[in-house]
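Values reported hereafter were calculated over all heavy atoms of this structure, with side chains retained and with hydrogens, waters and symmetry mates removed.
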Amino acid sequence: MKITKFFSTVVLLALLGTVSCSCPSSQSSDSRADDIEARIDDVMSKMTLHEKIGVIHAQSKFSSAGVPRLGIPELWCTDGPHGIRPEVLWDDWNQAGWTNDSCVAFPALTCLAATWNQELGLLYGKSIGEEARYRNKAVLLGPGVNICRTPLNGRSFEYLGEDPYLSGRMAVGYVKGVQSNGVAVCVKHYALNNNEVDRYTTNAIADERTLREIYLPAFKAAVVEGGAWSIMGGYNLFRGQHACHNDYLMNKILKGEWGFDGAVISDWGGTQSTEEAIFNSLDLEYGTWTDGLKMGLTNAYDNYYMARPYEKLIEEGKVGTKELDDKVRRVLRLIFRTTGDKNRPFGSLCSDEHYAAAQKIGEEGIVLLKNEGLLPLDLEKTKKIAVVGENAIKMMTVGGGSSSLKVQHEISPLDGLKKRLAGKAEVVYARGYVGDASGEYNGVTTGQDLSDNRPASVILAEAVKVAAESDVVIFIGGLNKADHMDAEGSDRLEYSLPYGQNEVIEALLAANKNLIVVNISGNAVAMPWADKVPTIVQDWYLGSEAGTSLASVLTGDVNPSGHLPMTWYASLEQNGAHALGAYPGVKRNDGSDITDLEYKEGVFVGYRYVEKNNLKPLFPFGHGLSYTTFEVDNAKIKTSGSGDSFKATVTVDVTNTGKVEGAEVVQLYVSDLECSVERPVKELKGFAKVNLKAGEKQTLSFALDSEALKFYDEKEGWKAEAGKFDVLLGVSSADIRQTVSFDYK
């Protein structure tokens, strides 16, 4: 089924705000907002103190109470961000035992970012939002927009890469798509939650410029442009105060500067203080005692920081009700925007359209890193293909933390290839190595038995024999969702591939030079063999249709068009946080559990650090190859105005100079040549993905304004200084094809 059959381009563009469209309710947004505020006023005038307290804290693992007496429904949350989490018990993380809560697993958010396609961000959000709505969830806990500061971060697979502009643009579509279903997003984890090791006790220390230029823009885009209805505080501290109730982040920036009118939700167990929660803008507390009823005869939920302790302070006259009323108003607004909206769409679950969306996103996110002629597979000459590697068969939708899912089905890479190549080539499989044989998370099991007690030498010898007897070898390895891989709660222990995979790759290469390495991971890994292996593919975690998406790209049914959303370092020493000794931080010697983590690299994150130090990464930010070739030329710029009224239009021609249809991502970077402070060599400020038939040419147009030229000054705020700027257009941060210059006054 073609993707356009269920979600037309017109509707996609309408949700992005480029054309008008009749949305779920014909009522105008302004009148609907007025109606919601009137309903809130009416309900609050009738609520008791106890009822108000009752709506701002959890009553179960994933729900908070409404007001039954007044007909206000409960508020139910669900993980995300890649699919709808199965139902758990009321007060336990284990499964509730439902038989109708399987879902479609969509590709991980790193894959979405790798598409560099904003329409797919919208499609992703619309599709997963329909699944959440069908399950009658009010809040989807996602997307995650924390910056990938280090490739060791165990949760980077849930985020949108290293660049704040790319992350923000992809997040906006996701937010709008989800909320078009009457389901709120909960953008997370605000803010500077950039590692999993010591995540509860890490005190992030970043200067104001670093905070504003790198770690806040994606959150701001989701809130201001996307209109996010809720946001989740991080577990970490920021400048000595817990992020979930951080005065500067919540009061001053989120609700002050950005005018956020939604609800701030704690991460599960992220609340640490009643007083700080009251005055520092936490609106809804979840998961403070996440392992259940620990209070004996009393209810743990009634003893949350924002439950009975808060109510008692009000009763004793120690605090007023002004802050409480604001919290209740925000939670009611969240309810009336979601389950309290009678015009909500009905949603759908495990539909053909959702599987088609998952496949499409996976296909566009796969990145061809290197190709010396082995891809697409030549099925006229290739009659026997050896597939080697545990990740060819291992289910990846179970595990990894809160994003773990119970899927209706998951097509493995091996099964996807076998199905696509049936009758065309023989596919033989060998394990090659044994990594993680587990397949269970919170009671959901894969049903796979991946145990293998043979000696490693025997397993490798089998793979080498199969490789030597085949025309082409496809090694499918990488990371998985086990602890210290790509998983919540722990960071990776090393940058290299685990389980002896480097040795397996070297042995396969010695047996057969026609080797394709397919890496499955949520982030960069070391590839010491990269200069010897002819073809390398980055495959990510692709969800339910993983095998189908991969087979489509390897066989050429789909021309790869993904580009890296993060720098692929040759070694960890090329990453600023590691090179400067600024990870994972320093434990205090004052008897506390706090780890102080200073962001010493400042704004020089990812490609910004690489270019500042004139380093050559393994693969640069924005890199991605195709089965065709593209020419980018004839760049022009027109400018008008000065200062904050400055406007510029940049045009550039893109031509498919190859023999097959394909898509290219043109990236626009801005370079400040005459600044009084040190700035990155260049910064991403625009991108566009264009699909062209062989020989076709198209002119792309980019709009710039003064905001694209500014840096953050701690005294003056955002500012752009007069002087010369370059606009650089290319297909990666290291492959610039055109440069145009202008003077800013």
Do the side chains of [Y] and [X] get nearer than 4.5 Å, heavy atoms only?
X	Y	value
D491	E196	yes
I385	D471	no
S626	S561	no
L729	R737	no
N194	T150	no
T651	S701	yes
S167	Y159	no
V666	F702	yes

Would you confirm whether [X], through its side chain, and [Y], through its main-chain N or O, come within 3.5 Å as a donor-acceptor pair?
X	Y	value
H563	V731	yes
Y429	G389	yes
E131	I128	no
Q574	K616	yes
Y499	E390	no
D633	Q738	no
T535	I516	no
S544	A105	yes
Y541	A546	no
Y165	K685	yes

Distance, nearest 0.5 Å, that separates [atom1] of [X] from [atom2] of [Y]:
X	Y	atom1	atom2	result
Q698	E664	CD	CD	12.5 Å
I366	C111	CD1	SG	7.0 Å
L377	K424	CG	NZ	12.5 Å
T629	N656	OG1	CG	6.5 Å
N575	T567	CG	OG1	8.5 Å
L479	N519	CG	CG	6.5 Å

Under the side-chain hydrogen bond (donor to acceptor under 3.5 Å, both in side chains) rule, what do S521 and Q538 come out as? Steps first, then yes or no, please. CA-CA 8 Å; S521 69; Q538 175 57 22; 3.3 Å; yes

For a quick test of reading the model, state the closest non-hydrogen atom pair linking [X] to [Y] and the distance between them.
X	Y	answer
S470	N512	O-ND2, 2.8 Å
L508	A467	CD2-CB, 3.8 Å
V603	E213	CG1-OE1, 3.7 Å
Y607	E683	OH-CA, 3.6 Å
P534	K370	O-CG, 3.5 Å
P620	S733	CB-OG, 3.7 Å

Looking at [Y] and [X], is there a salt bridge between them, counting it only when a charged N and a carboxylate O are closer than 4.0 Å?
X	Y	value
D436	K394	yes
E162	R608	no
E119	K689	no
E225	R169	yes
E488	R155	yes

Could you please spell out the steps behind the side chain to side chain contact (heavy atoms under 4.5 Å, CB included) verdict for S552 and Q359? CA-CA 9 Å; S552 295; Q359 180 181 335; 4.0 Å; yes

Does a donor on one side chain and an acceptor on the other come within less than 3.5 Å for N195 and Y583?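 Per modelled atom types, N195 and Y583 side chains form no pair under 3.5 Å.
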
Decide whether Y627 and N371 meet the rule of one side-chain donor and one side-chain acceptor closer than 3.5 Å.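 No, no side-chain donor-acceptor contact under 3.5 Å.
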
Quick one: sort the Y433 and F475 rings into parallel, tilted or perpendicular, breaks at 30° and 60°.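 Tilted: the ring planes of Y433 and F475 meet at 30° to 60°.
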
Angle between ring planes, W116 versus F687, binned at 30° and 60°: parallel, tilted or perpendicular?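 Perpendicular, since the angle between the ring planes exceeds 60°.
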
Do H578 and E601 pass the side-chain hydrogen bond (donor to acceptor under 3.5 Å, both in side chains) test, and can you show the C-alpha distance, the side-chain angles, and the key distance before you say yes or no? CA-CA 9 Å; H578 294 273; E601 71 277 21; over 6 Å; no

Out of T548, I520, L542, which residue meets the side chain to side chain contact (heavy atoms under 4.5 Å, CB included) rule with P413?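 Of the listed residues T548, I520, L542, the side chain to side chain contact (heavy atoms under 4.5 Å, CB included) partner of P413 is I520.
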
So which of N559, L692, N691 actually passes side chain to side chain contact (heavy atoms under 4.5 Å, CB included) with E661?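 So, applying the side chain to side chain contact (heavy atoms under 4.5 Å, CB included) to E661 and each of N559, L692, N691, only N691 qualifies.
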
Could you go through the side chain to side chain contact (heavy atoms under 4.5 Å, CB included) check for V652 and L668 one step at a time? CA-CA 10 Å; V652 67; L668 183 152; over 6 Å; no

What do you reckon, is CG of N614 surrounded by more than 12 foreign heavy atoms closer than 6.0 Å?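 Atom CG in N614 is not packed in, count stays at 12 or less.
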
Let me see the working for T382 and L421 under side chain to side chain contact (heavy atoms under 4.5 Å, CB included), right down to the final yes or no. CA-CA 11 Å; T382 304; L421 298 174; over 6 Å; no

Walk me through it: do L166 and F621 pass the test side chain to side chain contact (heavy atoms under 4.5 Å, CB included)? CA-CA 11 Å; L166 174 63; F621 171 79; 4.2 Å; yes

Passing candidate, ring pair (Phe, Tyr, Trp, His ring centres under 6.0 Å) with F106, options W540, Y124, Y355: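 Answer to the ring pair (Phe, Tyr, Trp, His ring centres under 6.0 Å) test with F106 among W540, Y124, Y355: Y124.
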
